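Start at 1 and go down the list; that is how both ligands and their atoms are numbered. Owing to the predicted nature of the structure, the values given are computational and were not obtained by experimental measurement.
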Amino acid sequence: MTDSSVFAALRAAFPSDLDATAIETADGPGAPLRYTWRDLERGTAMIANLLASLELSENSRIAVQTDKSVEALMLYLAVLRAGFVYLPLNTAYQRAEIEYFVGNAEPAVVVCTPKNFAWLSQLAFKAGTKNVFTLGDDRTGSLLERAAQMSDVHESVRKTPEELAAILYTSGTTGRSKGALLTHGNLLSNARTLKDYWGWRKPEDGGDVLIHALPIFHVHGLFVASHGALLNGSKMIWFARFDPKAVIARLREATVFMGVPTLYVRMLAEPTLTREACAHMRLFLAGSAPLLPETFDEWEARTGHRIVERYGMSETVMLTSNPYHAADGERRAGTVGYPLPGVGVRVRNEKGEPCPAGEIGGIEVKGPNVFTGYWRMPEKTREEFTADGWFKTGDVGRFDERGVLSIVGRSKDLIISGGYNVYPAEIEALINEMPGVAESAVVGVPHPDFGEGVIAMVVPKAGAALDGAAIVGELKSRIANFKVPKQVFVLSELPRNTMGKVQKNLLRQQHQGLFAG
Ligand code: MLC
Ligand code: AMP
């Protein structure tokens, strides 16, 4: 069989000079630290050997909630190398959120930060996990201590395209989070397509240098950015945290940058962002949330670069992109470009008929990038695919006559705040359980920094008095901070239509100027 292992493909792209710099840290403990390609080769081999020594069963999940570090990236690569399934978890998730993921995925191994070991290990052991390791962002913890005793030679486990590589949890409009099952074929086909489409420059042609400033627990930072650089043998300048000033200062040494729109908005607020600062750059990419045309225009005016906006999701990795090469067309603000080569994208109306150019409908996708289904949720999987095998994205859009796609809304009740997804149903359920609450509605309204800001409307039970600030405080102690409403309004009732459905559009209209300026 031909090997479709993601790790093997990335490893094959390492430059022949293994002592060249692969990653240089820009912040975090001990920065600047320099990691060579040989360090990546040896480090991933030692961690892969540690995982192999645990005698785990096939398809064992390795759940990871650690701060961003090069060793955390090595852990991801080592999981692929050893043939297991990677399950990344947002660092902002708190106990109840982690408890659900660990209970649902039943990982064989959990890796967490040393500071969370006490509660997280207890919870993991309860769920049947046999191995809990720690990994700090300063190279401390039991994972590296144990891996240091292992051989630095390891033969990457061979994989077919259909074999599972990662599970990414994505929330649902109703019910609990679903684990999207991504195969080696999904990840590798997408990485190869993007390498060509975005014109990654081979090291022998001058090469590319990527500024990596995104978290590595989602598609954008983990797959699109890391695979992009590694599959091209390109160096990364590695930021554990996004700091606009510090990133701008390093643009002179880089050629590629990827960010969610919030990162672009924050860099635009810095006077040091100039044409000169960006003169060395080849490509700015944006996605995960809508990039406002104003941001696109302002970026071009300030830097001379037209941002390439692309569209993706956990279940499909990347679906469409604005062109990089002029021969492929023009980059258009407010659009997400063309379907990527080999990826089918169609727009259909509610009756299931294809929409002609200009008409709005549901966006559906088919291709080697599309996941195989949701972990242990065959019913949900069936619901999300059409009878002819297309995945329903839940996004609403239209093609223009040139075949350029624009996203105009979402049929799923979802808020995207700073590139993170927030599902109103999850927050509403938590608020509704609080004493004195009759009901609630959570919506997103325009926010200058995060794109959308989460707010909540709460109706008290008869005779109860509610305090918005206390509700915020309670939520902060229970869920990831980016999900917590920035403001809570106490209302006597929620607006409803004649069918009794809460009119969220009215709530959004009423509060659309809340964060203006
Ligand atoms: C932080 N805060 C947020 C927030 N991030 N609030 C709303 N939305 C967010 N995204 C709040 C915290 O709650 C906290 O509030 C305060 O900001 C400071 O927290 P912080 O952690 O110090 O924030 P900061 O470092 O400034 O983070 C902002 C950010 C980060 C934009 C850098 O959110 C980020 O890295 N976003 C990228 C997300 C991403 O990678 N998405 C890709 C998904 S993949 P308080 O009140 O507690 O002090 C995908 C598919 C695809 O969608 O197409 O790519
Ligand atoms: P996630 O489930 O976190 O992967 O988020 C995927 C969702 O992000 C998609 O379904 C879209 O709604 C949204 N998204 C990603 N890229 C873009 C973009 N360029 N413009 C608008 N929305 C986007």
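- Here the shortest heavy-atom pairing between Ile167 and Pro88 reads O-CD, 3.4 Å.
- Ranking protein heavy atoms by distance to atom 21 (C) of ligand 2, first place goes to Pro290 N, 3.4 Å.
- A salt bridge links Arg478 to Glu474: at least one charged side-chain nitrogen sits closer than 4.0 Å to a carboxylate oxygen.
- The protein heavy-atom contact nearest to atom 31 (C) of ligand 1 is Thr262 CG2, 3.7 Å.
- With ring centers used as reference points, Tyr264 lies under 6.0 Å from Trp299.
- For atom 1 (P) of ligand 2, the closest non-hydrogen atom on the protein side is Asn421 ND2, 3.2 Å.
- Between Phe391 and Phe371, the two ring planes are perpendicular [angle over 60°; tilted spans 30° to 60°].
- A centroid separation of 6.0 Å or more is found between the aromatic rings of Phe7 and His184.
- Here Ala289 has backbone heavy atoms under 4.0 Å from ligand 2, and that is the only part of it that gets that close.
- At a 4.0 Å cut-off, at least one heavy atom of Arg266 sits close enough to ligand 1 to count as contact.
- One finds the CG atom of Asn322 at 11.5 Å from the CZ atom of Arg310 (value rounded to the nearest 0.5 Å).
- A donor-acceptor contact shorter than 3.5 Å links the side chain of Arg306 to the backbone of Arg331.
- Atom 4 (O) of ligand 2 has its closest protein heavy atom at Ser314 N, 2.7 Å.
- The distance criterion of under 3.5 Å between nitrogen or oxygen atoms is not met by Glu315 with respect to ligand 2.
- Considering backbone and side-chain atoms alike, Tyr311 places every N or O at 3.5 Å or more from each N or O of ligand 1.
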Checklist line | salt bridge (charged side-chain N to carboxylate O under 4.0 Å, His left out) assessment of Lys245 paired with Glu270 | finding: CA-CA 7 Å; Lys245 281 191 185 60; Glu270 297 298 331; 3.4 Å; yes
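- In summary, the side chains of Ser234 and Trp200 do not present any donor paired with an acceptor at a separation below 3.5 Å, with no hydrogens or angles considered.
- At under 3.5 Å, not a single nitrogen or oxygen of Leu263, backbone or side chain, sits near a nitrogen or oxygen of ligand 1.
- From Asn421, atom CG reaches atom CD1 of Ile415 across 10.0 Å, with rounding to the nearest 0.5 Å.
- Taking CE from Met318 and CG from Asn369, the interatomic distance works out to 9.5 Å, rounded to the nearest 0.5 Å.
- Here's the thing with Tyr311: none of its N/O atoms is less than 3.5 angstrom from an N/O atom of ligand 2.
- For atom 15 (O) of ligand 1, the protein comes within 4.0 Å by no heavy atom at all.
- Close contacts between ligand 2 and Ile407 involve ligand atoms 20 (N), 21 (C), 22 (N) [criterion: under 4.0 Å to a heavy atom].
- Remark: minimum distance from atom 42 (C) of ligand 1 to any protein heavy atom is reached at Ser288 OG, 3.4 Å.
- Heavy atoms of Lys476 approach ligand 1 to within less than 4.0 angstrom.
- Under the 6.0 Å distance and 45° angle rule, Arg282 counts as a cation-pi partner of Tyr324.
- Ligand 1 places these atoms under 4.0 Å from at least one heavy atom of Leu214: 40 (O).
- With hydrogens and angles ignored, the 3.5 Å screen pairs no side-chain donor or acceptor of Arg302 with any backbone N or O of Thr274.
- Remark: minimum distance from atom 33 (O) of ligand 1 to any protein heavy atom is reached at Tyr420 CE1, 3.3 Å.
- Closest to atom 6 (C) of ligand 2, if we only count protein heavy atoms, is Met313 CB, 3.3 Å.
- Under the 3.5 Å distance criterion, with hydrogens and angles disregarded, no donor-acceptor pair is assigned to the side chains of Asp328 and Tyr197.
- Note that atom 7 (C) of ligand 1 has protein non-hydrogen atoms nearby, at separations under 4.0 angstrom.
- Protein heavy atom closest to atom 5 (N) of ligand 1, with residue, atom name and distance, is Phe450 CE2, 3.9 Å.
- Within the structure, ligand 1 lacks Gly287 among the residues with a heavy atom less than 4.0 angstrom away.
- For ligand 1, the atoms sitting less than 4.0 Å from at least one non-hydrogen atom of His220 are 42 (C), 44 (S), 54 (O), numbered in the order shown with element in parentheses.
- Checking Pro215, Gly419, Pro485 against atom 40 (O) of ligand 1, the nearest heavy atom belongs to Pro215.
- Thr255 and Asp208 share a donor-acceptor pair across their side chains, judged by distance under 3.5 Å alone.
- Inside a 4.0 Å radius of atom 21 (O) of ligand 1 there is not any protein heavy atom.
- Under 4.0 angstrom from ligand 2, there are no non-hydrogen atoms of Leu291.
- By the definition of a contact as any protein heavy atom under 4.0 Å away, atom 18 (C) of ligand 1 is not in contact.
- Every atom of ligand 1 is numbered from 1 in the order shown, and the set under 4.0 Å from a heavy atom of Arg241 is 22 (O), 25 (O).
- Counting protein heavy atoms only, atom 7 (C) of ligand 2 is closest to Gly312 O, 3.9 Å.
- For His212 and Ser226, the side-chain atoms include at least one donor-acceptor pair closer than 3.5 Å.
- Using modelled atom types, one finds no donor on one side chain facing an acceptor on the other under 3.5 Å when comparing Asn190 with Thr193.
- Neither the backbone nor the side chain of Met318 comes within contact range of ligand 2; no heavy atom lies under 4.0 Å.
- Heavy atoms of His218 come nearer than 4.0 angstrom to ligand 2 in no pair at all.
- Annotation: cation-pi geometry satisfied between Lys178 and Tyr374 (NZ/CZ under 6.0 angstrom from ring centroid, within 45° of ring axis).
- The option with the heavy atom closest to atom 12 (O) of ligand 2, from among Ile363, Asp395, Leu285, is Asp395.
- Evaluated by nearest non-hydrogen atom to atom 16 (N) of ligand 2, the leading choice among Pro261, Ser288, Ala180 is Ser288.
- Proximity to Lys486 (heavy-atom distance under 4.0 Å) selects the following atoms of ligand 1: 3 (C), 6 (N), 7 (C), 11 (C).
- Checking only distances, Ser417 does come within under 3.5 Å of ligand 1, N or O to N or O.
- Residue contacts with ligand 2 do not include Val219, since none of its heavy atoms lies under 4.0 Å from the ligand.
- Within ligand 2, counting atoms from 1 as listed, the ones closer than 4.0 Å to a heavy atom of Glu309 are 18 (C), 19 (N), 20 (N).
- Remark: atom 54 (O) of ligand 1 lies closer than 4.0 Å to at least one protein heavy atom.
- For atom 37 (C) of ligand 1, the nearest protein heavy atom (residue, atom name, distance) is Gly418 O, 3.4 Å.
- What sits closest to atom 13 (C) of ligand 2 on the protein, heavy atoms only, is Ile416 CD1, 3.4 Å.
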Margin query: Test salt bridge (charged side-chain N to carboxylate O under 4.0 Å, His left out) on Glu315 and Lys380; report intermediate values, then the result.
Written below: CA-CA 13 Å; Glu315 289 93 334; Lys380 263 271 154 242; over 6 Å; no
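- A donor-acceptor distance shorter than 3.5 angstrom exists from the side chain of Glu97 to the backbone of Ala480, with no hydrogens or angles considered.
- Aromatic ring centres of Phe489 and His511: separated by under 6.0 Å.
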